[in-house]
Asks: 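Before I ask anything, let me first share the structure, which is written out below as structure tokens.
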2 protein chains.
Amino acid sequence: MALIVQKFGGTSMGSIERIRLVAQRVLEEKEKGNQVVVVVSAMAGETDRLIELVKSITPEPNERDMDFVVSTGEQVSAGLLSITLNHLGHPAVALSGWQAGIKTDDAFTKARIISIDTERILKHLKEGKIVVITGFQGITEEGEITTLGRGGSDTSAVALAAALNADRCDIYTDVDGVYTADPRIVPEARKIPVLSYEEMLELASLGAKVLQIRSVEFAMKYKVPLRVRSTFQPDEGTLIKEEDETMERVVVRGIAHNKNEARITVVRVPDKPGIAAKLFDALAEANIPVDMIVQNVSVDGYTDISFTVDKNDAQKAEKITQKVAQEIGAREVIRDDKIAKVSIVGLGMRSHAGVAGKVFETLANYGINILMISTSEIKISCIIDEKFTELAVRVLHEAFGLDKEH
Amino acid sequence: MALIVQKFGGTSMGSIERIRLVAQRVLEEKEKGNQVVVVVSAMAGETDRLIELVKSITPEPNERDMDFVVSTGEQVSAGLLSITLNHLGHPAVALSGWQAGIKTDDAFTKARIISIDTERILKHLKEGKIVVITGFQGITEEGEITTLGRGGSDTSAVALAAALNADRCDIYTDVDGVYTADPRIVPEARKIPVLSYEEMLELASLGAKVLQIRSVEFAMKYKVPLRVRSTFQPDEGTLIKEEDETMERVVVRGIAHNKNEARITVVRVPDKPGIAAKLFDALAEANIPVDMIVQNVSVDGYTDISFTVDKNDAQKAEKITQKVAQEIGAREVIRDDKIAKVSIVGLGMRSHAGVAGKVFETLANYGINILMISTSEIKISCIIDEKFTELAVRVLHEAFGLDKEH
């Protein structure tokens, strides 16, 4: 008998009809003889409705009461699923975050799970019940209700799977798995049957919006096998698990792209120690995360520094950079919002030489200029002109044979 | 510094605009230097919406999960009020039933409050905060969420007032107090400034739908002064409190009427011991509450038994009565749905003779036949033909001078 944690998102819980379909997915797992814990999001649109209600009072509500209100969305959907399961003759019980023992810190609206006291869940599982738990929420040591921030239900599911030592955590969503590239751009993109946590993290943070990054980190830390699959189609989806020896055979697993960054360049910076620190300290102080940083070789005591930030932060970052540029005597600051990041990811890159060269050559063959490059052990990211994004993804997908069975 | 508990119903909490008005009522009390605990219902229509959602899955949902879902309505409204108060610069905190320490039995959907652990409420009051608490709900010893049944927020408020030893419990609603009769029937009806718990109980159970009966019983038991007042008009409303010596001076406090009963008569019952017991045991077993019972004097070994039940139970009660009538050899069973109960209530009736006579005489003067009579120390109820209801209320109201200042 295995213990399976299933997670269903807002679209899957969007109506009474869809909740009936979710109940079917739950019962399929239960009828295999498994113990099942289900984590649910609020019905699609409900969290937004509650936030709007709150914001119609004031755009800056106190966050403690905000969480108190917004957390009710999952309580309703969890209750409705449990009622459906009971109605179908299968004993089930709905638990809120606090009832399920999900303890968090007190960073309201973006709390982090600290620990899970599984006693009550285990008691209900022992009674043969399906346990339906509200995602996205927990309780502080002082008994205050918290929420985990957008997408937090994935994290709830993985954290519960870790705490319960579950055999698997299935993330049900409206796509049927992780693809070698965005199928809307590359029609030949193939579903990836298995990949490692590290690869998924690179793909997730690079723009494949299938899973919340934090939930993948959590799964990796506690070695919880994750499966991404569709609520609406019977399919095994994509399994994300610990690296094994077979995985390195695939050089490139997938290609991600991201149009949500902007590049800022500080031109002709005096190349003295502490200059870069001054700039990036100022950005950190303003709570602006920086993604890629490239500094050219110094020529006659001057250098150029380029970096990328999220487009939403670009204007603010530009202002701060201009101020610092003046202080350090740089010539000017240039901001470019029309860029894209295209990345190839694969464990096999560790042991295969020539991957970077093939990327650069492929892009060059199509006249695509590379503005910045950044690499890690298992990925290569290139910043290019935004207008080439789709073309770059397609030609790289073909060049690395991702359209073919491995 | 007094401690005041205020309760606001669903109509008062019906929109963001109305919640702003409620916040004003709260702050008026706070600004007098008082400590304030606020108990709220769900926004008007919200509880019905949630029940409908649940009932669209199955007409017979399991009640435990039903309460889990339905209790969210108050959590939203309490949060919204607390956000409004904080936004206006007054520290406030919203607490759910379980956070406020409201312990109940486990009779889901109609739970009863067993005790209240006030520690957390008192802590927040000490910090100078306004404490906003969800009405209508609590938690069992096992940590399950319960609801108290329709109108339960009144009971929550009174129970909290009792547990906190509050100086007063103000029930804010959409009427501005308790009247000598229904003002829609008697335009001359006057608002009653003060009355006793006993009088309110008789008026409440006789059809004046201002307060939930259980909440008045609770207030009486714990001697909590209750005030019924309007959210929408500045007015002292009606104070309901312990009897004092001045109250008996008013012979008749008010007139209530109820068109929701039906009368069943068993004709020519053999007058033997145990016959009435047989009938009313059968009704009790079917869970049908009986209101008035009248048995005539026995003539030649036979008697007639009449009783009234709620109209919703009338058909079921008739069937049961017919079965018993056959067994005991009665002649026939007659059911009459076209009746009304008109009652006059007043503490002064204890010490004033002639009240009953005046009632009978007044009704007789207008050709109104009395079908059944029932009396207690402080009330006289008459069952009459339904079509005379309004006339009876009006002429009794005039006969006892209720339209004049006392």
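Please read all numbers here as calculations on a predicted model, not as lab measurements. Chain letters run A, B, ... following the sequence lines, proteins first and then strands; every chain starts at 1.
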Asks: Pick out which of A/I171, A/V228, A/T173 makes a side chain to side chain contact (heavy atoms under 4.5 Å, CB included) with A/D154.
Replies: A/I171
Asks: For A/Q75, which atoms come within 4.5 Å of any heavy atom of chain B: side chain, backbone, both, or neither?
Replies: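 For A/Q75, heavy atoms of backbone and side chain both lie under 4.5 Å from chain B.
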Asks: Take B/I113 and B/L148 through the side chain to side chain contact (heavy atoms under 4.5 Å, CB included) test and state the conclusion after the steps.
Replies: CA-CA 8 Å; B/I113 295 173; B/L148 309 181; 3.9 Å; yes
Asks: Side-chain donor-acceptor pair under 3.5 Å between A/S153 and A/S41, yes or no?
Replies: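 Result is yes, a qualifying pair exists.
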Asks: Does B/Q6 form a side chain to side chain contact (heavy atoms under 4.5 Å, CB included) with B/V26? I'd like the steps, not just the answer.
Replies: CA-CA 8 Å; B/Q6 299 182 312; B/V26 174; 3.3 Å; yes
Asks: Of the listed residues (B/T58, B/L95, B/I19), which shares the most heavy-atom pairs with chain A below a 4.5 Å separation?
Replies: B/T58
Asks: Which one, A/V70, A/V54, A/N62, leads in non-hydrogen pairs under 4.5 Å with chain B?
Replies: A/N62
Asks: Tell me which of these, A/V69, A/T84, A/V76, A/I83, has more heavy-atom pairs under 4.5 Å with chain B than the rest.
Replies: A/I83
Asks: Could you look at A/S77 and say if it's the side chain, the backbone, both or neither that has a heavy atom under 4.5 Å from chain B?
Replies: neither
Asks: Check whether A/I16 gets within reach of chain B through its side chain, its backbone, both or neither, counting any heavy atom under 4.5 Å.
Replies: side chain
Asks: Using heavy-atom distances under 4.5 Å, tell me whether A/E144 contacts chain B through its side chain, its backbone, both, or neither.
Replies: both
Asks: Measuring from atom CE of B/M43 to atom CZ of B/R49, what distance do you get when rounded to the nearest 0.5 angstrom?
Replies: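 So the gap between those two atoms works out to 10.5 Å.
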Asks: With a 4.5 angstrom heavy-atom cut-off, could you sort out which part of A/I139 is near chain B: side chain, backbone, both or neither?
Replies: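 When you check distances to chain B, only side chain atoms of A/I139 fall under 4.5 Å.
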Asks: Out of B/P61, B/A94, B/G79, which one racks up the most heavy-atom pairs below 4.5 Å with chain A?
Replies: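 Maximum pair count with chain A is reached by B/A94.
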Asks: Name the option with the most non-hydrogen atom pairs under 4.5 Å to chain B; the candidates are A/D65, A/T72, A/V93.
Replies: A/D65
Asks: Can you say whether A/I145 sits under 4.5 Å from chain B via the side chain, the backbone, both, or neither, judging by heavy atoms?
Replies: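 Contact with chain B involves both backbone and side-chain atoms of A/I145.
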Asks: Heavy-atom distances under 4.5 Å only: say whether B/L50 touches chain A with side chain, backbone, both or neither.
Replies: side chain
Asks: Using distance alone, with no hydrogens and no angle criterion, decide if A/S156 and A/Q137 have a side-chain donor and acceptor under 3.5 Å apart.
Replies: no
Asks: Do the side-chain N and O atoms of B/D67 and B/T147 include a donor-acceptor pair separated by under 3.5 angstrom?
Replies: yes
Asks: Atom CZ of B/R120 and atom CG of B/L125: how far apart are they, to the nearest 0.5 Å?
Replies: 13.0 Å
